[in-house]
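One structure is given below, encoded as structure tokens.
Note that the structure is predicted; figures quoted are calculated from it, not measured.
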Amino acid sequence: MPSIFTKSRARSLANKAVREQNTLAERVVCPDCQRESDKRLIVQEQYLCPYCGHHFPVGAYFRLNSVLDDGSMKELDEDLKASDPLQFPDYPKKLEAARIKSGLNEAVVTAVGAIGGHKCVVGVMDSRFMMGSMGTVVGEKITRAVEYAASHRLPLILFCASGGARMQEGILSLMQMAKTSAAISRFSEKGLLYISVLTHPTTGGVTASFASLGDIILAEPGALIGFAGQRVIEDTIHQKLPEGFQRAEFQESHGFVDQVVPRNQMRRTLIRILTLHQKGVVSEREAKKEPSGRGRDTQLGGAERLLIARHWKRPGVQDYIDGLFTEFFECRGDRQSREDMAILGGIALYHGVPVTVIGTRKGKTLEEKMKCNFGMPGPEGYRKALRLMKQAEKFHRPVITFIDTTGAYPGIEAEEKGQGEAIARNLMEMSSLKVPVIAVVTGEGNSGGALALGVADRVLMQENAVYAILSPEGFASILWKDASRSGEACDAMKMTAKDLLSLGVIDGIVPEPEGGAHEDPQKAVDMLEGALYPQFSALIKLSGSRLKEGRYRKFREMGRP
């Protein structure tokens with residue numbers, strides 16, 4: 001099938017998109033800012049309020065026209081129409097009225113096309129057709145689109161907008177949740193990319209099935225996203241819901257959405273994601289050569305290095321991401337309860353190769369530090385990291401982690417949500433990943449909270465970083481019941497890079513600028529590049545089974561009598 005289709009098809013799509021504009025009045029009042037705008041201006045701004053950015057609903061063909069390359073669309077299953085499986089009273093009349101009103105045969109349009117030259121399958125739900133409810137034909141069309149994408153090994157993008165299951169089709173409508181989810185499962189097993197875009201509204205059975213199963217989940221600003229309706233929740237709990245409850249921004253902060261993306265940035269964002277998921281080619285350029293291995297034999301003790309490792313200007317994970325990688329796309333959320341800013345993770349290019357980058361984040365300003373919980377992740381952070389690592393394995397991306405944390409957060413809520421289990425799960429799953437894993441200790445690496453990102457094929461450590469069973473203060477308090485002896489503990493714990501290299505815990509020492517990485521952050525980045533790239537280029541040549549076995553043997557030998 002050619003990647004670019006006929007001009008007549010391109011005109012047909014554009015004409016359908018234009019016809020959808022007739023659903024707007026000539027003058028439109030924004031429900032958010034209450035200001036009036038001309039319809040032509042609203043359409044020109046991709047159905048955004050020109051004053052406040054409110055996102056008006058859009059039709060399926062307008063959506064397709066706004067994201068697909070010109071002339072690239074071929075519609076799938078265009079003539080598939082709903083029947084009346086339960087002989088429900090007046091349902092055929094409602095279906096016909098919906099077809100006349102929307103110009104659609106059903107509440108979803110599916111197509112194959114290209115976005116920025118990347119061929120893919122795209123489905124768009126349209127809330128103008130019976131509130132975008134999912135009946136048997138909606139489920140069937142989405143399932144067929146998933147199967148088409150799987151058989152042609154194409155990325156899949158679904159724009160979701162639905163009031164939930166279609167009542168007039170009863171239990172058969174409910175079964176579409178299972179059918180579409182099973183199709184997504186088979187699609188995912190092939191290692192293919194699925195992007196779910198949640199638009200207003202995405203609720204009920206659609207939220208509880210294919211809409212929530214994307215490898216990447218995006219949402220439009222202000223979109224209502226949830227399972228139960230707000231009125232049902234309020235009637236059940238007899239409480240008024242908080243402002244912004246179930247909106248896209250709420251779902252992002254609670255870990256269910258990777259990013260909230262305005263409609264006028266959606267095409268550009270999709271192109272970035274699709275590009276990051278195509279197979280890269282290792283750059284031929286040589287990394288800057290800096291000595292690595294045993295490091296410089298300076299006389300600084302553990303206490304002095306700890307002060308440097310904790311220096312408030314020391315480069316953090318964001319600095320290394322900016323300096324070492326390109327096209328970084330942040331992924332947020334554990335898909336369970338919360339976005340933990342103490343863990344920063346996403347997809348990037350390293351020497352032209354797509355990689356997954358994850359690191360503990362402390363923040364720079366006091367406000368950032370508080371949002372990042374001073375670099376102490378909760379269980380949600382470790383579950384987010386694991387989600388990204390398993391996704392990296394699916395797409396055969398190497399994983400590079402950056403460790404700088406005083407440890408996992410020791411709090412009541414963290415324990416209630418399974419802090420120990422989350423760390424244990426990371427240790428187990430990281431040990432068996434079939435992609436290269438490189439960990440870099442850039443500051444403090446304390447306790448299991450650090451090790452949860454450190455089960456790697458290669459562990460590098462900056463020369464002034466420290467890595468230990470827990471903080472020196474905690475060590476002295478537990479062992480000697482005297483936290484003031486923390487300086488003594490620094491030496492007793494053997495926590496420096498030189499100590500750990502001799503113990504076989506790490507594989508290389510990364511030199512730093514004189515006085516520490518904070519004295520010359522750019523040089524620190526260059527020095528890390530010199531140590532990182534040779535390890536990376538060697539590991540990406542190894543098979544998944546060899547990586548997995550080698551990692552097991554590496555940790556199996558640690559501390560062996």
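Between Arg383 and Glu380 no salt bridge is recorded (no basic side-chain N to carboxylate O distance below 4.0 Å). Between Lys119 and Asp69, no side-chain nitrogen of the basic residue sits less than 4.0 Å from a carboxylate oxygen of the acidic one, so the salt-bridge criterion is not met. Looking at Asp215 and Lys394, a side-chain N of the basic residue comes within less than 4.0 Å of a carboxylate O on the acidic one, giving a salt bridge. The pair Lys434-Glu393 fails the salt-bridge criterion, with no side-chain N (NZ, NE, NH1 or NH2) lying under 4.0 Å from an Asp/Glu carboxylate O.
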Subject >> Test side-chain contact (heavy atoms from CB on, under 4.5 Å) applied to Ile321 and Leu344, step by step >> reply: CA-CA 10 Å; Ile321 287 175; Leu344 173 63; 3.7 Å; yes

Original post:
Run the salt bridge (Lys or Arg N to Asp or Glu O under 4.0 Å) check on Arg387 and Glu429 step by step: do they pass?
Top reply: CA-CA 10 Å; Arg387 178 176 75 84; Glu429 296 286 358; over 6 Å; no

**OP:** Assess whether side-chain contact (heavy atoms from CB on, under 4.5 Å) is satisfied between Arg551 and Leu433, documenting all intermediate values.
**Re:** CA-CA 9 Å; Arg551 200 176 307 130; Leu433 290 174; 3.7 Å; yes

**OP:** Starting from the C-alpha separation in whole Å, work towards a yes-or-no answer on salt bridge (Lys or Arg N to Asp or Glu O under 4.0 Å) for Glu96 and Arg99.
**Re:** CA-CA 5 Å; Glu96 186 59 29; Arg99 289 173 186 134; 3.6 Å; yes

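Around NZ of Lys390, the count of heavy atoms belonging to other residues, nucleotides or ligands within 6.0 Å exceeds 12. Counting non-hydrogen atoms of neighbouring residues, nucleotides and ligands closer than 6.0 angstrom, the CZ atom of Arg425 reaches no more than 12 such neighbours. More than 12 heavy atoms of other residues, nucleotides or ligands sit less than 6.0 Å from atom CZ of Phe245. In the displayed structure, Phe250 atom CZ is contacted under 6.0 Å by more than 12 heavy atoms of other residues, nucleotides or ligands.
Put simply, the side chain of His277 reaches to within 4.5 Å of the side chain of Ile347, judged on heavy atoms. The closest side-chain heavy-atom distance from Tyr61 to Leu104 is below 4.5 Å. Side-chain contact between Met73 and Val122: absent, with no pair of heavy atoms (C-beta onward) separated by less than 4.5 Å. Counting heavy atoms from C-beta outward, Asp77 and Glu140 have side chains that stay 4.5 Å or more apart. Inter-residue side-chain proximity for Val137 and Lys81 is flagged as unmet; no heavy-atom pair is nearer than 4.5 Å. When side chains are defined from C-beta on, Asp457 does not count as touching Lys554, because their heavy atoms never get closer than 4.5 Å. Under the 4.5 Å side-chain criterion, counting only non-hydrogen atoms from C-beta, Val435 is not in contact with Pro398.
Between Ala452 and Asn426 the shortest heavy-atom distance is O-ND2, 3.4 Å. Shown here for Val138 and Ser133, the closest heavy-atom pair between the two residues is CG2-O, 3.7 Å. Taking both residues in full, the closest heavy atoms of Leu80 and Lys141 are given as CD2-CG, 3.6 Å, listed atom of the first, atom of the second, then distance. For the residue pair Met430 and Val437, the shortest heavy atom distance occurs at CE-CG1, 3.8 Å. When all heavy atoms of Ile42 and Cys49 are compared, the pair lying nearest together is CD1-CA, 4.2 Å.
Screening Glu106, Gln176, Glu169 against Thr136 for a side-chain hydrogen bond (donor to acceptor under 3.5 Å, both in side chains) leaves a single residue, Glu169. Of the candidates Ile273, Leu276, Leu156, Ile273 is the only one forming a side-chain contact (heavy atoms from CB on, under 4.5 Å) with Leu193. A side-chain contact (heavy atoms from CB on, under 4.5 Å) with Thr199 is found for exactly one of His55, Arg63, Arg263, namely Arg63.
A donor-acceptor pair is defined here as one N or O able to donate and one able to accept, closer than 3.5 Å; such a pair exists between the side chain of Arg361 and the backbone of Met341. Checked by atom type and distance alone, the side chain of Ser162 never pairs as donor or acceptor with a backbone atom of Val206 at under 3.5 Å. Judged by distance alone, the side chain of Asp126 and the main-chain N or O of Ala107 form no donor-acceptor pair under 3.5 Å. Thr275 places a side-chain N or O within donor-acceptor distance of the main-chain N or O of Ile271, the cut-off being under 3.5 Å. Formation of a donor-acceptor pair under 3.5 Å by the Glu249 side chain with backbone atoms of Gly222 is found in this model. Side chain of Lys179 to main chain of Thr143: no donor-acceptor pair is present (N/O by atom type, distance under 3.5 Å, no hydrogens or angles). With hydrogens and angles disregarded, a donor-acceptor distance shorter than 3.5 Å links the side chain of Gln251 to the backbone of Ile225. A donor-acceptor pair under 3.5 Å is formed between the side chain of Lys384 and the backbone N or O of Asp340. Judged purely by atom type and a 3.5 angstrom limit, Arg128 has no side-chain atom pairing as donor or acceptor with the backbone of Val58. Formation of a donor-acceptor pair under 3.5 Å by the Thr110 side chain with backbone atoms of Ala145 is not found in this model.
Ring geometry for Phe187 against Tyr194 counts as perpendicular: the plane angle is over 60°, on a 0 to 90° scale with 30° as the lower cut. Between Tyr148 and His152, the ring planes lie parallel to each other; the angle is under 30°, not in the 30° to 60° tilted range.
For the residue pair Glu421 / Tyr382, no side-chain donor-acceptor distance below 3.5 Å is found, with atom types taken as modelled. Checked by atom type, the side-chain pair Arg458/Gln535 shows a donor-acceptor distance below 3.5 Å. No donor-acceptor contact under 3.5 angstrom links the side chains of Ser173 and Arg166, judged on distance only.
Ring centers of Phe536 and His351: at least 6.0 Å apart, outside the cut-off.
Note that the CG atom of Leu198 and the CD atom of Glu252 stand 11.5 Å from one another [nearest 0.5 Å].
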